[in-house]
Amino acid sequence: QRFQPHCVHVCGHGNARGIQLVAPGGADVDLLNSQGMAQLLSKAGIDCLPLLILNNCESAAMASALAKFCVVAHAVGVEGDAIDSEALQFAQGFWVTLFKSGSFVECYREGVRLAH
């Protein structure tokens, strides 16, 4: 049976060009851009991911691009800097609400409410 996740949640560092990839030992390797993320999901056998959360700096453009090209059904990204404490609060609000209600929209709203 093929693994089909409902959500991928990426936390880390990034910028407008992509998500920072780090090798074991801490050396920067590369940046994963939206095309690279689409290829990664495709290689994993994921046809259309229901939800992608990019909880890193300047990830809103990548989230929009992936949703626009139907790689993901729903995508959440960050405009500007992702402050660690706010990112943690968002994640906590999102996941706790998901386990209670199952509604992505409700989870997003609760995550945003707790982060601000």
Side-chain angles (χ1 to χ4, degrees):
Q1 186 177 26
R2 194 170 86 174
F3 177 65
Q4 281 291 98
H6 295 283
C7 179
V8 171
H9 189 153
V10 178
C11 298
H13 297 285
N15 59 41
R17 295 180 300 139
I19 299 167
Q20 181 181 3
L21 302 178
V22 179
D28 288 356
V29 175
D30 207 347
L31 287 173
L32 180 67
N33 62 19
S34 53
Q35 182 179 0
M37 178 64 84
Q39 290 172 349
L40 184 64
L41 293 171
S42 177
K43 285 181 182 179
I46 300 168
D47 300 323
C48 185
L49 184 67
L51 177 64
L52 174 66
I53 300 172
L54 300 175
N55 211 349
N56 53 282
C57 295
E58 301 181 39
S59 58
M62 179 186 288
S64 294
L66 291 168
K68 180 180 177 183
F69 296 112
C70 300
V71 175
V72 298
H74 300 87
V76 176
V78 176
E79 292 277 349
D81 292 338
I83 308 303
D84 288 344
S85 60
E86 292 175 2
L88 290 170
Q89 291 288 18
F90 174 86
Q92 179 182 359
F94 183 91
W95 289 107
V96 167
T97 305
L98 181 66
F99 289 118
K100 289 180 182 176
S101 76
S103 162
F104 289 151
V105 172
E106 200 173 313
C107 298
Y108 171 78
R109 287 181 181 150
E110 181 63 9
V112 169
R113 185 187 72 76
L114 287 178
H116 295 287

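In this chain, numbering begins with 1 at the start of the sequence shown. Worth saying up front: this structure is predicted, and the values here are computed from it rather than measured.
In terms of modelled atom types and a separation under 3.5 Å, the side chain of Glu58 and the main chain of Asn15 share no donor-acceptor contact. In terms of modelled atom types and a separation under 3.5 Å, the side chain of Thr97 and the main chain of Gly93 share a donor-acceptor contact. Without hydrogens or angle criteria, Ser64 side chain to Ala60 main chain gives a donor-acceptor distance under 3.5 Å. Ser59 places no side-chain N or O within 3.5 Å of a backbone atom of Met62 that could act as its donor or acceptor partner.
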Listing, residues 78-86 side-chain donor-acceptor contacts under 3.5 Å, not counting sequence neighbours, or none:
none

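Distance NE2/His13 to CG/Asn55: 11.5 Å, rounded to 0.5 Å. To the nearest 0.5 Å, the span separating CZ on Arg109 from SG on Cys107 amounts to 11.0 Å. Note that the CG atom of Asp30 and the CZ atom of Arg17 stand 9.0 Å from one another [nearest 0.5 Å].
Hydrophobic clustering, with ILVMFWY side chains joined whenever heavy atoms are under 4.5 angstrom apart, groups Phe99 together with Leu51. Residue Tyr108 is not grouped with residue Val96 when hydrophobic side chains (ILVMFWY) are merged at heavy-atom distances under 4.5 angstrom, including chains of intermediate members.
Side-chain contact between His74 and Leu52: absent, with no pair of heavy atoms (C-beta onward) separated by less than 4.5 Å.
Electrostatic pairing of Arg113 and Glu110 counts as a salt bridge here, judged by a charged N lying under 4.0 Å from a carboxylate O.
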